[in-house]
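Heads up, the thing below is written out as structure tokens.
The chains referred to below are lettered A, B, ... by the order of the sequence lines, with proteins before strands, and numbering in each begins at 1.
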Amino acid sequence: MQSPASGLSMLLFIEQILNGLQLGVMLFLMSAGLTLVFGIMQVINLAHGSFYMIGAYVAATVMQQTGSFMLGLLAALPVSALIGMLVEALVLRRLYQRDHLDQVLATFGLILFFNELTRIIWGRQPLFMDGPEWLSGTVELIPGAPYPSYRLAIIVVGIAVAVLLYLLFTRTRLGMQIRAGSSNREMVAALGVNIKLLYTLVFGLGTLLAGLAGVMAGPILAVESGMGESILILTFVVIVIGGIGSIRGALIAALLVGMVDTLGRAFLPGLFRLVLPAAQADGVGASLSSMAIYILMAAILVWKPKGLFPAQA
Amino acid sequence: MKRSFAVLALGIGLLAGQAMAADAVKIGMVTTLSTKAGYLGEDIRDGFKLAIDEEGGKLGGVAVELLVDDDGRKPDKGKQIAERFMKSDGVKLMTGIVFSNVAMAVVPKVLREDVIYLSANAAPSQLAGKNCHPNYFSVSYQNDNLDEVVGQYVTDAGYNNVYLIAPNYPAGKDHLAGFKRYYKGAIAGEVYTKLGQADYAAELAALRATKPDSVFFFLPGGMGINFLKQYSQAELNKTIPVFGPAFSFDERLLAAVGDAALGVVNGSQWTHDLDNQANQAFVTNFRKTYGRTPTLYASQGYDTARLIASALKSVNGDLSNLQAVRDALKKADFASVRGDFKFGPNQHPIQDLYVREVVKDAEGKVTNKTLKKVFTGHGDAYAAECKM
């Protein structure tokens, strides 16, 4: 027989698993694009978070004008992809031959540029953005634990994107070229693939996914200048854990980081309460849970220095 | 020939500029205009400038020059700017800092240099208690005030099992302490989240499981928007009411939160609907000039400027006798947009504190409406420690 208390904590546990899954899916959308760019083009793109911000701003603006979240989504995706390809052609192309420090400096400059640009266009205050009406409530997946429908939708979108990317990489010519490019780009170029075009397309795909993540985040988070930087750090943790250039690694690592971060925040303070006084336990728990993903990263790098699924053998 | 003429003209222009500036009283404003929090400094600045513009470039009949620079929310940068204002511009009056950590890095040093600092926002407890200073005036509040008023209101309203959330940094703990000073019921849970945290799903699930009868949160800026949106998406707002200080409910944030904030009761020393003449004029002029409803930060900037105006008038623009300026400021002889206003022994406000409710106005805009005056002539808990 199960006591009601353990039944309740079981429900809470399942709910936190869903929360972890949802954060993981979000991180996957961000890291899929970044890991491709990093892996294939060997460019450290710190400005990836800016495309997340652009996606959210464009969707919020279109949504305010039309009242439709879906139109916002439809507008934001091509805009993020196009701006991404433009930035690739204008800025990044000049950086491929430079060393990583130059790339970091230049793409950091892009962050400042885009943050200031949003401030000039939209003003300093955050923007309003809401999800579609039909996703505004909660659903009881498990009786007794209502879960926001919008968060479920994020999980569904994330899984769909993962499946689409899988099909793209395993079933299409373009996917094959991208995979080849991330394993050995000199060889791909030597075989006559237009590597310039491939780079632009990959970069556009990456920024499109970042834009999608931004749109999906808009109804949950504040749409504000600089919103991309907070998720960018987690994204880098994900691609380092997953192995640079590997989509599969990005997926596994994103889910892992999402789970560890969420479950750590949810249960570590409680665990410490078993052995420490409450006030102290909360302090230690809070500090340790914010460190948890970095501890995870360090542990995995000790075990596998190139990440879980390194693309380049 | 032509060129030397141009240089000469430039020289004359520069000299003329300097001569004009020498007459004007310089006021240095160190504030936060960039980063996510940039709109806070923007509102303080715009409120302050409105008071100057209303007098056609003067305060209290004395010409003033407002120097503004952005601290980027960084204590070090704030220090550099303050240093420059004092050393190369000869500023004797300073104001504008938004964040307490920046204030703690800048203000004590400024005060030692015989410069008067008037806070238009940040008012950390250290500067209200043991480290109070004759050169320091807080025109806004003492940081804990807006939490204290909510604590009293929540207790009066009969809630007795509250769940507390704040970011894990010194100000987060201070604000919860302010609430607990006047809240008399039980505490269902007390959670400190990461500063700048975006997603509160884990905390909300844990909150639901502890079944509190109310929630009090201090999550300034974007964190508050995230929390309120997610709270409403989880449909917790239908069963457990939320309370907080005004910092997550200013007019510009509310526009970004939308319906998710409706019905939330929050504590403030000022609201745009307060019924007094100075306030009505301020709100009308601010809307006309900037095309938006002022926030409490704007009201604090405006009040700071008007307080300076009253002092400048009294000393006739002569800052050479600092004691006379301090005495004039201390009288607080100006019509505050908050109504009654005076300084306590530690030169922090003694003022009325209100709770207000987030409602939809006639045009469908989400805004604040004053609900109730909770404290009349309220000071702060640290005044007794101040030996001046």
Side-chain angles (χ1 to χ4, degrees), chain A residues 8-9 11-13 15-16 18-20 22-23 26 60 112 115-116 119 123-131 135-138 145-151 217 219-227 229-231 234 261-267 269-270 278-279 282-283 285-287 289-290, chain B residues 32-43 167-168 173 187 189-206 208-211 221-236 238-239 250-260 292 295 366:
Chain A
L8 187 69
S9 62
L11 277 184
L12 184 60
F13 186 69
E15 194 176 344
Q16 299 292 24
L18 281 177
N19 285 333
Q22 182 253 312
L23 179 59
M26 205 73 181
L112 301 178
N115 282 349
E116 202 50 46
R119 236 169 257 143
R124 288 185 170 87
Q125 74 283 0
L127 289 194
F128 171 72
M129 185 171 173
D130 206 356
L135 285 175
S136 66
T138 56
Y147 197 74
S149 350
Y150 188 77
R151 283 181 190 268
I220 303 185
L221 304 182
V223 179
E224 58 191 347
S225 170
M227 65 187 284
E229 279 81 272
S230 35
I231 194 164
L234 281 180
D261 189 56
T262 305
L263 297 183
R265 273 191 289 141
F267 297 113
D282 287 348
S287 317
S289 62
S290 51
Chain B
T32 305
L33 294 169
S34 59
T35 77
K36 293 175 184 175
Y39 81 97
L40 305 178
E42 184 181 39
D43 261 34
N168 195 8
K173 283 167 188 160
I187 287 168
E190 185 169 343
V191 172
Y192 292 99
T193 58
K194 201 160 56 181
L195 188 63
Q197 184 166 319
D199 192 11
Y200 292 91
E203 287 76 11
L204 291 178
R208 190 200 303 273
T210 58
K211 296 192 169 50
M223 290 184 281
I225 302 182
N226 301 343
F227 181 81
L228 285 168
K229 278 179 162 183
Q230 294 164 23
Y231 196 83
S232 131
Q233 274 162 3
E235 297 194 315
L236 283 163
K238 290 183 178 160
T239 47
D250 68 60
E251 296 296 317
R252 296 178 81 174
L253 273 195
L254 284 181
V257 179
D259 290 358
R292 59 177 198 265
T295 61
V366 180

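Evaluation of the side chain to side chain donor-acceptor pair (under 3.5 Å) rule for B:Tyr231 yields no partner, not counting sequence neighbours. Annotation: side chain to side chain donor-acceptor pair (under 3.5 Å) contacts of A:Asn115 (sequence neighbours excluded): A:Glu229.
Side-chain contact, A:Asn19 with A:Thr262: no donor N or O sits under 3.5 Å from an acceptor N or O.
For the options A:Asp261, A:Leu221, A:Asp130, A:Leu127, heavy-atom pairs under 4.5 Å to chain B are most numerous at A:Leu221. Ranked by heavy-atom pairs under 4.5 Å with chain A, the first of B:Gln197, B:Glu235, B:Arg252 is B:Glu235. Counting heavy-atom pairs under 4.5 Å between each of B:Asn226, B:Ile225, B:Asp199, B:Asn168 and chain A puts B:Asn226 at the top. Chain A forms the most heavy-atom pairs under 4.5 Å with one residue out of B:Ala205, B:Gly196, B:Gly222, and that residue is B:Ala205. Listed options A:Glu15, A:Gln16, A:Glu116 were ranked by heavy-atom pairs under 4.5 angstrom with chain B; first place goes to A:Gln16. Between chain A and the residues B:Lys194, B:Glu42, B:Met223, the largest count of heavy-atom pairs under 4.5 Å involves B:Glu42.
Using a 4.5 Å cut-off between heavy atoms, B:Leu253 contacts chain A through its side chain alone, with no backbone atom that close. Residue contact with chain A, scored on non-hydrogen atoms closer than 4.5 Å, involves the backbone and the side chain of B:Ala234 alike. When heavy atoms are compared at a cutoff of 4.5 Å, A:Ser136 approaches chain B solely by way of its backbone atoms N, CA, C and O. Only the side chain of A:Gln22 comes within contact range of chain B, with heavy atoms under 4.5 Å apart.
Here the side chains of B:Thr193 and B:Phe227 are not in contact, with every heavy-atom distance at 4.5 Å or above.
Closest approach of A:Gly131 to A:Pro219, counting heavy atoms only: N-CB, 3.4 Å.
Ring orientation note: the planes of A:Phe267 and A:Phe13 are tilted relative to one another, at an angle of 30° to 60°.
Using modelled atom types, no side-chain atom of A:Arg265 and backbone atom of B:Glu203 make a donor-acceptor pair closer than 3.5 Å.
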